[in-house]
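All values below come from the heavy atoms of this structure, side chains included, with hydrogens, waters and symmetry mates left out. Position 1 is the first residue of the sequence; numbering continues from there. Ligands are counted one by one from 1 in listed order, and the atoms in each one are counted from 1 as well.
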Amino acid sequence: MEFVKVTEIEHYTNTLFRFKTERPSTFRFTAGEFIMVSMGDNNISRAYSLTSGPYDEYLEFYSIKVPDGPLTSRLQYIEIGDSIAIGTKPTGTLTLANLDLGGNLWLLATGTGIAPFISLLRDPYTYDAFDSIRVIWSVRYPKELEAYHQFLKDQDILYTPTVTRDSGWQGMNKRITVQMADQQQDILPAKDKIMVCGSMPFNEDIQNMLTNWGWQEGTRKNAGTFVQEKAFTTK
Ligand code: A2P
């Protein structure tokens, strides 16, 4: 583990915040990877996807806050100038190395599962590797989009913010699984590649759906037509 200073913090709701830290000059990672994060004074650490890009001078993380969560009950109170500890071995399956490249890239996220995709969208290589990029981000309520909504609107991508539990929401309100099923004829492994990150039930539903449709899951050993990883920090 290595200690880094917190440089920026932004709270969005009583369950969501993001923070930036200094980036040690020797710290390297690939867009889409995660590292372990802890307060540095006990053994409680959790995996966090980096949301910063591989060329950014800072590290950024997007986190939930859980009142009785072993890590986030304390992490939510960090202030600028405090230090947190980070692991030195970034890893994970949501990297372009595990995916066949070319065609359309689909990034499907629920909740804080958007985190690794923010990093990928901050890496110019992602835009070079595909003809087009589509992002579908599903949350229960609009305020849960706040951290990255403007960033996603500003990118050269097709972005479908999805809000499933607010009757006043004017945009897409269907679950991602339903949106994908609606377009099944048009989404094909020969031309489309899919990355998935969200809650366990969401990941399992998409994984089953794609596998039944003949898609191949990519791993660190063999690239495939889709990759998935659950969003980590739940406590
Ligand atoms: P819904 O409101 O219909 O449950 P959560 O906070 O429970 O992880 O949910 C975040 C977002 O993911 C919500 O929009 C939720 O929709 C959606 N979601 C949760 N589980 C699934 C699933 N198994 N398949 C598709 N979408 C899901």
Side-chain angles (χ1 to χ4, degrees), residues 10-18 32 34 46-49 51 61-73 75-76 92-94 105-121 133-153 157-187 189 192-215 217 225-235:
E10 207 163 9
H11 291 266
Y12 302 102
T13 68
N14 55 3
T15 61
L16 290 168
F17 74 117
R18 77 172 167 177
F34 65 86
R46 291 283 179 269
Y48 272 84
S49 295
T51 54
F61 305 91
Y62 184 44
S63 179
I64 54 155
K65 310 183 221 177
V66 183
D68 59 355
L71 178 65
T72 64
S73 62
L75 191 64
Q76 65 178 303
T93 47
L94 296 177
L105 175 65
W106 295 70
L107 303 175
L108 310 181
T110 62
T112 55
I114 197 67
F117 301 150
I118 299 297
S119 181
L120 279 155
L121 293 168
I133 302 175
R134 288 144 209 257
V135 174
I136 311 182
W137 185 19
S138 177
V139 297
R140 295 180 181 196
Y141 302 105
K143 61 186 179 178
E144 294 164 347
L145 294 171
E146 196 181 330
Y148 297 106
H149 191 55
Q150 194 58 47
F151 168 81
L152 290 166
K153 285 207 290 193
I157 60 175
L158 271 162
Y159 167 45
T160 307
T162 299
V163 175
T164 47
R165 299 196 190 190
D166 183 305
S167 53
W169 177 254
Q170 302 289 316
M172 175 57 73
N173 59 10
K174 292 183 196 170
R175 280 184 160 199
I176 296 176
T177 37
V178 177
Q179 296 182 49
M180 298 303 279
D182 286 349
Q183 302 178 72
Q184 188 195 344
Q185 326 296 0
D186 302 322
I187 308 174
D192 296 287
K193 307 294 171 283
I194 303 183
M195 300 180 107
V196 181
C197 190
S199 65
M200 194 66 106
F202 168 71
N203 277 35
E204 283 174 2
D205 286 352
I206 296 273
Q207 182 185 30
N208 290 336
M209 197 164 164
L210 292 177
T211 308
N212 288 338
W213 293 352
W215 294 61
E217 184 168 354
T225 46
F226 82 98
V227 286
Q228 54 117 7
E229 201 155 70
K230 69 177 168 30
F232 297 101
T233 39
T234 52
K235 284 190 185 124

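Checked by distance only, ligand 1 and G111 stay at 3.5 Å or farther apart across all their nitrogen or oxygen atoms.
Looking at atom 11 (C) of ligand 1, its nearest protein heavy atom turns out to be S138 O, 3.5 Å. Scanning the protein heavy atoms around atom 25 (C) of ligand 1, the nearest turns out to be T177 OG1, 3.4 Å. Among all protein heavy atoms, the one lying closest to atom 19 (C) of ligand 1 is R175 NH2, 3.7 Å. Protein heavy atom at the shortest distance from atom 5 (P) of ligand 1 is R140 NE, 3.7 Å. In terms of protein heavy-atom proximity, atom 16 (O) of ligand 1 is nearest to T164 OG1, 3.2 Å. Counting protein heavy atoms only, atom 12 (O) of ligand 1 is closest to T110 CG2, 3.2 Å. The protein atom (non-hydrogen) at minimum distance from atom 8 (O) of ligand 1 is S199 CB, 4.0 Å.
Below 4.0 Å from some heavy atom of R165 lie the following atoms of ligand 1, by number and element: 1 (P), 2 (O), 4 (O). Every atom of ligand 1 with a heavy atom of D205 under 4.0 Å away is listed here by number and element: 22 (C), 23 (N), 24 (N).
Contacts between T162 and ligand 1 below 4.0 angstrom, taking non-hydrogen atoms only, are absent altogether.
Remark: I64 CD1 to N14 CG distance equals 11.5 Å, nearest 0.5 Å.
D68 is not listed as a side-chain neighbour of S73, based on a closest heavy-atom distance of 4.5 Å or more. The side-chain heavy atoms of I187 and I194, taken from C-beta on, include a pair separated by under 4.5 Å. Put simply, the side chain of P161 does not reach to within 4.5 Å of the side chain of W137, judged on heavy atoms. Side chains of I136 and Q179 form a contact here, defined as non-hydrogen atoms less than 4.5 Å apart.
When the side-chain contact (heavy atoms from CB on, under 4.5 Å) test is applied to E217, the partners found at least two apart in sequence or on another chain are Q207, F226, Q228. Residues satisfying the ring pair (Phe, Tyr, Trp, His ring centres under 6.0 Å) test with Y148, not counting sequence neighbours, are Y62.
Each of T93, L120, L108 was scored for a side-chain contact (heavy atoms from CB on, under 4.5 Å) with M195, with one residue passing: L120.
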